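Only one structure is covered here, and it is reproduced in the block below.
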Amino acid sequence: MATAHSIPPRPKAVAAPRPAPDGTGAEPEFLTTEEAAALLRLSPRTLEKQRVLGGGPRFRKFGSRVVYARVDLLAYADSNTFGMTSDPGYAVRDSVR
């Protein structure tokens, strides 16, 4: 009697959420450029370019630090949702290249 052995799929590597600085385990409300880019799956350089040219998520400046609010990143992602390529606004460019 032959039995089929299957190899279980390899789990995808997922970065563990970073705990909040206060030790509560909650996700931070404000993210650095690198953290925001990881959340949106973009390059940090893309966010830097969008800050200059426009068309990216809203950001905040605390002194010389640039941070992104998690709610602004999620709102940006929601505003860039389309059902098909012929949807109004799909081909509109928000920034100058």
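Everything numeric here is computed off the predicted structure, so don't read it as measured data.
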(message) Taking the side chain as everything from C-beta on, heavy atoms only, tell me whether T32 gets closer than 4.5 Å to E35.
(response)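 With C-beta onward as the side chain, the pair touches.
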
(request) First locate atom OG1 of T46, then atom CG of L40, and finally report the distance between them rounded to the nearest 0.5 Å. (result)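 Between T46 OG1 and L40 CG, I get 10.0 Å after rounding to 0.5 Å.
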
(message) Quick check: closest heavy atoms across L73 and L39, and the distance to 0.1 Å?
(response) CD1-CD2, 3.7 Å

(message) Testing the basics here: between P44 and A37, what is the closest heavy-atom pair and its distance to 0.1 Å?
(response) N-CB, 3.6 Å

(message) Given 3.5 Å as the limit, does a donor-acceptor pair link the side chain of N80 with the main chain of A77, or not?
(response)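 Not confirmed, N80 side chain does not pair with A77 backbone.
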
(request) Starting from the C-alpha separation in whole Å, work towards a yes-or-no answer on side chain to side chain contact (heavy atoms under 4.5 Å, CB included) for L47 and Q50. (result) CA-CA 5 Å; L47 290 178; Q50 289 176 334; 3.6 Å; yes

Show every donor-acceptor pair shorter than 3.5 Å between a side-chain atom in residues 55-68 and any protein atom, with sequence neighbours excluded, or say none if there are none.
residue	atom	partner	partner atom	Å
R60	NH1	D72	OD2	2.9
Y68	OH	R51	NH1	2.9

(request) If you link ILVMFWY side chains whenever their heavy atoms are less than 4.5 Å apart, which other residues fall into the same cluster as V71? By chain and number, please. (result)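 Reading the cluster by chain and number, V71 sits alone, since nothing else belongs.
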
(message) Counting only heavy atoms not in E48 (residues, nucleotides, ligands), do more than 12 fall under 6.0 Å from its CD?
(response)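 Yes, because the 6.0 Å sphere around CD of E48 holds more than 12 heavy atoms from other groups.
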
